[in-house]
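A quick write-up on the structure given underneath.
When a ligand or atom number is given, it counts from 1 through the structure's own listing order. Just so we're clear, the structure is a prediction, and the values are computed from it rather than from any experiment. The basis for the numbers below is simple: all heavy atoms, side chains too, and nothing from hydrogens, waters or symmetry mates.
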Amino acid sequence: MTEKHFIPKAYKNSAEKGSYTWSSPSNIALVKYWGKKENQIPANPSISFTLNHCKTTTKLSFSKKENDDEFSFDVFLDDEKKDDFKPKIETFFNRIEKYLPFLKDYHFKIETANTFPHSSGIASSASGMSALALCLMSIEQALVPEITNEHFIQKASFLARLGSGSACRSLEGDLVVWGKHDQIEGSSDLFGVKYPFEVHQNFKNYKDTILLVDKGEKQVSSTVGHNLMHDHPFAKKRFKQAHENLSTLINVFKTGDIKTFIEIVESEALTLHAMMMTSMPYFILMKPNTLEIINKIWGFRQKTDSNICFTLDAGANVHVLYPENEAENVLEFIKNELVVFCQKGEYINDKIGFGAEINL
Ligand code: PMV
């Protein structure tokens with residue numbers, strides 16, 4: 001399949017105005033996407049847990065306008081006009097116009113809200129871009145009612161990818177793979193797919209408590225970060241390692257081998273940060289409290305034989321991952337020993353979710 005698959009034929013139906021609302025989740029990568037080629041094509045495959053509570057809800061209202069020579073839209077976050085969001089959306093519209101040729105025919109009002117605090121250091125680009133892509137697909141479905149559910153989701157993921165790479169993993173399913181991998185049939189660089197193989201009971205309802213160590217803006221934008229992989233001395237080996245780690249995870253998910261899961265997930269998090277530390281220019285995105293938390297987690301694991309582990313985004317916050325049957329003990333540990341390292345003591349309890357939902 002190529003990009004051409006997503007260019008629609010001439011629309012037969014028309015729509016004057018209307019609105020659609022979708023809620024889309026955030027996701028946390030287990031094997032990380034870090035490095036990309038032209039057109040948001042990932043340099044390696046990645047896999048993520050879909051989150052359940054961290055979501056963006058977007059209402060997209062549209063009305064036909066007179067001329068069709070430019071994009072026209074207003075953006076609101078929590079009912080407040082946000083003109084500073086416009087350039088990112090303008091770039092997104094430019095990238096996807098080829099695939100949604102109706103974009104210049106309408107004026108759009110984009111009203112968006114996050115369940116997690118805006119200044120939490122949790123990126124809203126994955127949930128935000130996927131919610132917007134889904135709303136746009138609902139308009140396309142009004143113009144082409146015969147679109148299948150499969151095409152709808154696949155194209156929404158394809159479009160979301162063009163907004164923010166990891167957003168294509170925020171559509172459907174609890175575990176989502178993005179990027180071509182030899183052993184995963186149907187996997188694609190163009191969109192995310194539901195992980196197609198058996199997943200052991202040990203990984204059902206897996207928990208993720210997000211410790212907000214630094215609630216500030218990201219120190220390095222992901223665009224800058226991905227670009228640092230272009231002439232990176234370890235890039236080739238790293239991309240190969242991501243393929244291997246995903247292969248190992250297939251067996252881990254089948255057998256329920258949490259010990260190996262922990263090894264892969266923590267190593268992926270540290271490798272992501274190691275890539276940033278060894279690029280030119282170089283960055284340290286962890287804070288002292290990130291390391292305090294990691295050491296406490298390792299200590300707790302050794303002392304209690306718990307299956308707690310951590311992963312990191314491209315920032316200082318820590319995602320604490322643990323199986324459902326340990327929730328009580330781990331939460332007690334988090335409250336007693338880790339919360340002191342969070343900015344203003346704030347954290348978010350989440351778990352694996354199942355994807356986006358339409359709100360009619
Ligand atoms: O989707 P982007 O371009 O913001 O990149 C996200 C990259 C990481 O969050 C660090 C890793 C991942 O796979 O989600």
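Among protein heavy atoms, the minimum distance from atom 7 (C) of ligand 1 is reached at Tyr33 O, 3.5 Å. The closest protein non-hydrogen atom to atom 9 (O) of ligand 1 is Asp313 OD1, 3.5 Å. With respect to atom 2 (P) of ligand 1, the closest heavy atom belonging to the protein is Ser222 OG, 3.5 Å. For atom 14 (O) of ligand 1, the closest heavy atom belonging to the protein is Arg169 NH2, 2.7 Å. For atom 1 (O) of ligand 1, the nearest protein heavy atom (residue, atom name, distance) is Ser166 OG, 2.6 Å.
Counting only distance, with no hydrogens or angles, the side chain of Asn317 and the backbone of Asp214 share a donor-acceptor pair below 3.5 Å. A donor-acceptor pair is defined here as one N or O able to donate and one able to accept, closer than 3.5 Å; no such pair exists between the side chain of His232 and the backbone of Met280.
Aromatic rings from His53 and Phe116 are positioned such that their centres are separated by 6.0 Å or more.
Residue Ser164 has at least one N or O atom closer than 3.5 Å to an N or O atom of ligand 1. Note: an N/O pair closer than 3.5 Å links His226 and ligand 1 by distance alone. The shortest N/O to N/O separation between Lys32 and ligand 1 does not fall below 3.5 Å.
In the vicinity of Ala29, heavy-atom distances shorter than 4.0 Å reach the ligand 1 atoms 12 (C), 13 (O), 14 (O). Taking every heavy atom of Trp34 and a limit of under 4.0 angstrom, the matching atoms of ligand 1 come to 7 (C), 10 (C). Interface atoms of ligand 1 facing Gly165, defined by a heavy-atom separation under 4.0 Å, are 1 (O).
Under the 6.0 Å distance and 45° angle rule, Lys155 does not count as a cation-pi partner of Phe191. A cation-pi arrangement is present between Arg161 and Phe158 under the rule of less than 6.0 angstrom and at most 45 degrees off the ring axis. Remark: Lys59 fails to qualify as a cation-pi partner of Tyr20 under the 6.0 Å distance and 45° angle criteria applied to the six-membered ring.
For residues 14-35, there are no salt bridge (Lys or Arg N to Asp or Glu O under 4.0 Å) pairs, not counting sequence neighbours.
Of the listed residues (Phe92, Tyr106, Phe108, Phe93), just one forms a ring pair (Phe, Tyr, Trp, His ring centres under 6.0 Å) with Phe73, and that residue is Phe93.
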